[in-house]
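So the structure is just underneath, and the comments pick up after that.
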Amino acid sequence: MPSGITCFDPAQRRFLSGPPQPDHIPVPPLDGVLSTDDADLTWAAEDFGRVVRHRPLAVARPRSLRDVCAIQRFAHQHAIPVVPRAEGHSTGGQAQSPDGMVLDMRGFDTVGPVAADHVTVEAGARWSDVLTATLAHGLTPPVLTDYLELSVGGTLSVGGLGGTSRHHGAHTDNVLQLDVVTPDGSHRTCSPTVEPALFDAVRAGRGRHGVIVRATLRLIPAHTHARRHILRYNRLSDLLADQRRLASDRRVDYLEGKVKPDDSGTWTYQLEATTYFTPPSTPDSPRLLEGLGHITGGDTVTDTGYRDFLDRMADDVALLRTLGPWQHPHPWSNTLLADHTAEELITRTLSELDRQSLGGTGLALVYPILRTRLATPLLKVPDTPIVFLFSVLRTADSPDTLTGMVEHNHRIHDRVTASGGATYLDPIPDTEQSPTTSIP
Ligand SMILES: Cc1cc2nc3c(=O)[nH]c(=O)nc-3n(C[C@H](O)[C@H](O)[C@H](O)COP(=O)(O)OP(=O)(O)OC[C@H]3O[C@@H](n4cnc5c(N)ncnc54)[C@H](O)[C@@H]3O)c2cc1C
């Protein structure tokens with residue numbers, strides 16, 4: 001074992017190097033590395049949220065399928081929780097393992113080959129790499145998250161929503177087959193027809209029912225360009241009304257919305273409607289905007305390449321990294337609201353927020369998804385024909401503001417669930433923490 005870790009001491013619950021004592025359990029040989037280095041444990045205790053920090057007992061960096069099976073089997077036999085992790089963009093410790101091992105899946109990043117309507121990728125691949133490979137064949141995943149540097153395994157473990165979800169559902173609705181290593185160390189292949197219970201337990205299963213090692217993803221033909229309209233509104237009710245109007249409308253491919261305070265602290269409401277196209281054909285902008293209630297003359301329109309549109313966060317992220325807020329805590333709240341409750345819940349939440357309590361660069365995302373498109377059993381979704389994703393994305397610049405934001409998130413979540421809505425991307429409650437081989 002390259003790291004020198006040789007055994008596990010079950011009494012002290014720690015991994016050790018050196019010759020095993022009689023009551024120590026030898027760890028299996030690995031192609032990859034098992035580490036208890038301080039830098040690795042610190043890395044595994046951090047995520048994008050920087051709200052909770054739990055150091056694991058060890059970090060495993062598997063290099064082969066055989067490694068993943070051996071680690072899972074060993075951990076299962078000795079009651080050591082194993083939590084897979086990739087890009088660590090969770091915001092509440094979802095990929096941390098306080099009394100167990102973190103399995104760093106970033107080494108599993110092979111993409112392809114690309115076929116006519118699907119691609120098989122390893123779970124640690126990032127969506128940006130998947131997109132690069134598929135666009136070379138004129139193909140694209142039907143749904144992409146706003147930020148492309150998330151891993152395939154990471155988003156398949158939570159859902160994966162984006163501006164085209166109202167047509168195509170979540171990432172988890174666009175996966176055709178998964179290769180999974182279950183907590184008992186067995187390598188199994190599942191799909192809607194082969195081991196469907198396992199398939200349903202792993203999609204949006206938050207890594208607790210098995211490690212995804214490979215996924216076969218649905219692809220559709222890609223356009224080369226995107227026309228992006230940004231429409232402005234004076235009132236939330238007008239924004240929501242147009243989002244409902246466009247929710248099942250095919251004239252727009254991508255639909256999202258943003259609410260943020262302007263320099264004077266007044267809330268501004270924006271709808272983002274993007275249509276994909278391939279020249280020489282171009283979208284008919286007047287028809288696109290027909291019947292909508294935005295502020296006349298307040299809209300902007302830009303044409304970009306398809307990939308540039310999908311990767312539109314890259315420049316902002318680079319700036320936030322340079323200026324610092326990207327590295328600050330992110331106590332984000334993500335919820336899915338029942339349609340008839342959306343306006344009241346968003347209005348009430350905004351009344352409790354201002355520029356300062358959003359953390360300077362913060363904003364809220366609001367967009368509709370058709371309920372019928374979301375068919376992943378473990379993805380909790382309210383039972384109304386249209387549901388609204390409502391995300392409060394904020395940054396804390398001090399421990400005190402962080403505590404206040406986290407408490408506020410709890411109040412938002414209580415209110416949303418009491419009104420028939422659901423939380424999205426939430427950490428697993430302690431009562432459900434243990435990994436399990438049983439498939440719900
Ligand atoms: C800037 C930013 C933008 C985002 N935009 C969107 C968005 O537009 N839409 C959206 O839906 N979400 C969005 N998210 C949330 C994001 O989809 C989730 O946090 C996602 O889980 C992150 O993927 P990751 O690779 O960083 O996963 P990690 O944080 O490493 O892990 C997340 C979860 O997945 C599990 N997991 C990871 N790999 C595997 C695997 N191979 N097998 C089984 N389980 C695994 C982990 O155990 C954990 O429960 C965004 C997050 C950030 C920080």
Side-chain angles (χ1 to χ4, degrees), residues 43-44 46-50 56 62 65 68 72 81-97 100-109 121-129 143-165 169-173 175 178-183 201-215 254 256 310 312-314 316-317 320-321 325-327 329-336 361 363 365 367 369 374 376 378-379 389 391 393 395 424-428 432-433 435:
W43 168 81
E46 289 282 354
D47 59 24
F48 182 78
R50 290 189 164 83
L65 176 61
V68 180
Q72 286 277 71
V82 174
V83 176
R85 165 179 170 139
E87 292 302 319
H89 281 93
S90 299
T91 53
Q94 289 88 334
Q96 297 176 20
S97 185
M101 297 162 82
V102 165
L103 197 63
D104 178 1
M105 292 300 289
R106 290 175 301 169
F108 285 67
D109 61 354
V121 307
E122 288 187 319
R126 289 173 303 176
W127 286 97
S128 55
D129 297 326
V143 180
L144 285 157
T145 46
D146 293 344
Y147 182 52
L148 298 180
E149 307 311 323
L150 309 169
S151 75
V152 170
T155 65
L156 288 179
S157 299
V158 294
L161 300 171
T164 58
S165 285
H171 283 170
T172 45
D173 299 310
V175 58
L178 292 170
D179 273 30
V180 174
V181 177
T182 51
V202 172
R203 289 181 303 145
R206 300 185 281 183
R208 298 311 190 264
H209 302 290
V211 179
I212 302 169
V213 286
R214 208 170 14 238
Y254 161 104
E256 290 201 1
L310 294 173
R312 63 199 171 281
M313 271 187 69
D316 287 346
V317 170
L320 291 171
R321 275 187 202 280
W326 192 255
Q327 286 75 247
H330 295 98
W332 286 4
S333 154
N334 293 281
T335 50
L336 288 162
T361 53
L363 55 89
L365 284 183
Y367 59 88
I369 304 174
L374 299 173
T376 303
L378 287 184
L379 183 61
L389 177 81
S391 301
L393 309 179
T395 308
Y424 175 55
L425 303 175
D426 239 17
I428 299 178
E432 298 169 30
Q433 269 295 347

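Position 1 is the first residue of the sequence, and the numbers go up from there. Counting starts at 1 for both ligands and their atoms, in listed order.
- Relative to atom 14 (N) of ligand 1, the option among Leu150, Leu156, Val317 with the closest non-hydrogen atom is Leu150.
- A donor-acceptor pair under 3.5 Å links the side-chain atoms of Glu256 to the main chain of Gly163, judged by distance alone.
- Of the protein's non-hydrogen atoms, the one nearest atom 52 (C) of ligand 1 is Trp332 CZ3, 3.6 Å.
- Counting only distance, with no hydrogens or angles, the side chain of Arg208 and the backbone of Arg206 share a donor-acceptor pair below 3.5 Å.
- Taking a cut-off of under 4.0 Å to the non-hydrogen atoms of Trp326, the atoms of ligand 1 that pass are 1 (C).
- When each atom of ligand 1 is checked for a heavy atom of Tyr424 under 4.0 Å away, the hits are 10 (C), 11 (O).
- The distance criterion of under 3.5 Å between nitrogen or oxygen atoms is not met by Tyr147 with respect to ligand 1.
- Residues satisfying the side chain to side chain contact (heavy atoms under 4.5 Å, CB included) criterion with Leu320, sequence neighbours excluded, are Pro325, Trp326, Thr361.
- The contact set between ligand 1 and Val158, taken as ligand atoms under 4.0 Å from a residue heavy atom, comprises 21 (O).
- Residue Thr145 places no N or O, backbone or side chain, under 3.5 Å from any N or O of ligand 1.
- Ligand 1 has no N or O atom lying under 3.5 Å from any N or O atom of Gly210, backbone or side chain.
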Problem - Tyr424 vs Leu389, side-chain contact (heavy atoms from CB on, under 4.5 Å): CA-CA, chis, key distance, verdict - result: CA-CA 9 Å; Tyr424 175 55; Leu389 177 81; 3.9 Å; yes

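- Partner of Arg203 under the side-chain contact (heavy atoms from CB on, under 4.5 Å) criterion, out of Leu379, Val175, Leu378, Ile212: Val175 alone.
- The main-chain N or O of Gly92 is never found under 3.5 Å from a side-chain atom of Ser90 such that the two would form a donor-acceptor pair.
- Within the structure, ligand 1 lacks Gly162 among the residues with a heavy atom less than 4.0 angstrom away.
- Among the atoms of Tyr367, none of the N or O lies under 3.5 angstrom from an N or O of ligand 1.
- Between the choices Leu103, Ile212, Val202, Val83, the shortest heavy-atom distance to atom 42 (N) of ligand 1 belongs to Ile212.
- Counting heavy atoms closer than 4.0 Å to ligand 1, residue Leu425 contributes side-chain atoms (C-beta onward) but none from N, CA, C or O.
- Nearest protein heavy-atom contact of atom 25 (O) of ligand 1 is Ser151 OG, 2.7 Å.
- With hydrogens and angles ignored, the 3.5 Å screen pairs a side-chain donor or acceptor of Gln72 with a backbone N or O of Val181.
- The part of Arg208 lying near ligand 1 is the side chain, judged by heavy-atom distances below 4.0 Å.
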Handout entry: Full working for side-chain contact (heavy atoms from CB on, under 4.5 Å) between Leu374 and Leu161
Key = CA-CA 10 Å; Leu374 299 173; Leu161 300 171; 3.9 Å; yes

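- For atom 9 (N) of ligand 1, the nearest protein heavy atom (residue, atom name, distance) is Leu161 O, 2.7 Å.
- The protein heavy atom nearest to atom 48 (C) of ligand 1 is Gln94 O, 3.6 Å.
- Put simply, no part of Phe108 is less than 4.0 Å from ligand 1, judged by heavy atoms.
- Remark: the backbone N or O of Met313 is not paired with any side-chain donor or acceptor of Asp316 at under 3.5 angstrom.
- Under a 3.5 Å cut-off, the side chain of Asp47 and the backbone N or O of Arg50 do form a donor-acceptor pair.
- Without hydrogens or angle criteria, Ser157 side chain to Gly153 main chain gives a donor-acceptor distance under 3.5 Å.
- At least one N or O atom of Glu87 sits closer than 3.5 Å to an N or O atom of ligand 1.
- Here atom 45 (C) of ligand 1 lies nearest to Ser157 when heavy atoms of Gly207, Gly124, Ser157 are compared.
- Note: His330 and Phe48 have parallel aromatic rings, judged against thresholds of 30 and 60 degrees for the angle between ring planes.
- Those atoms of ligand 1 with a heavy atom of Arg85 less than 4.0 angstrom away are 30 (O).
- When Ala44, Ser97, Ala86, Ala95 are checked for heavy-atom proximity to atom 30 (O) of ligand 1, Ala86 turns out nearest.
- No side-chain N or O of Trp332 forms a donor-acceptor pair with one of Ser391 less than 3.5 Å apart.
- Under a 4.0 Å criterion applied to the non-hydrogen atoms of Phe48, ligand 1 contributes the atoms 53 (C).
- Close approach of ligand 1 to Ala123 is summarised as follows: ligand atoms under 4.0 Å from at least one heavy atom of the residue are 41 (N).
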Problem - Stepwise side-chain contact (heavy atoms from CB on, under 4.5 Å) check, Val211 with Val180 - result: CA-CA 5 Å; Val211 179; Val180 174; 5.9 Å; no

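- For residues 144-164, the set of pairs meeting the salt bridge (Lys or Arg N to Asp or Glu O under 4.0 Å) definition, not counting sequence neighbours, comprises Arg126-Glu149, Asp146-Arg312.
- For a threshold of 3.5 Å applied to N or O pairs, the pair formed by Val211 and ligand 1 contains no separation below that value.
- Within the structure, the closest approach of Gly159 to ligand 1 does not fall below 4.0 Å when heavy atoms are considered.
- A donor-acceptor contact shorter than 3.5 Å is absent between the side chain of Gln96 and the backbone of Ala44.
- Nearest to atom 47 (O) of ligand 1 among the protein's heavy atoms is Pro84 O, 2.6 Å.
- At the shortest separation from atom 26 (O) of ligand 1 among protein heavy atoms lies His89 N, 2.7 Å.
- With a 4.5 Å cut-off on side-chain heavy atoms, Pro62 and Leu103 count as touching.
- Contacts of Trp127 with ligand 1, taken as heavy-atom pairs under 4.0 Å, are absent altogether.
- Taking each of Ala204, Gly154, Gly205 in turn, the one with a heavy atom nearest to atom 37 (C) of ligand 1 proves to be Gly154.
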Handout entry: side-chain contact (heavy atoms from CB on, under 4.5 Å) evaluation trace for Leu310 with Trp127
Key = CA-CA 11 Å; Leu310 294 173; Trp127 286 97; over 6 Å; no

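- Across the listed options Leu320, Asp146, Thr155, Leu379, Asp146 owns the non-hydrogen atom lying nearest to atom 8 (O) of ligand 1.
- Per-residue contacts place Gly160 under 4.0 angstrom from the following atoms of ligand 1 (heavy atoms of the residue considered): 11 (O).
- Backbone and side-chain nitrogen or oxygen atoms of Ser90 are examined, and one is located within less than 3.5 angstrom of a nitrogen or oxygen of ligand 1.
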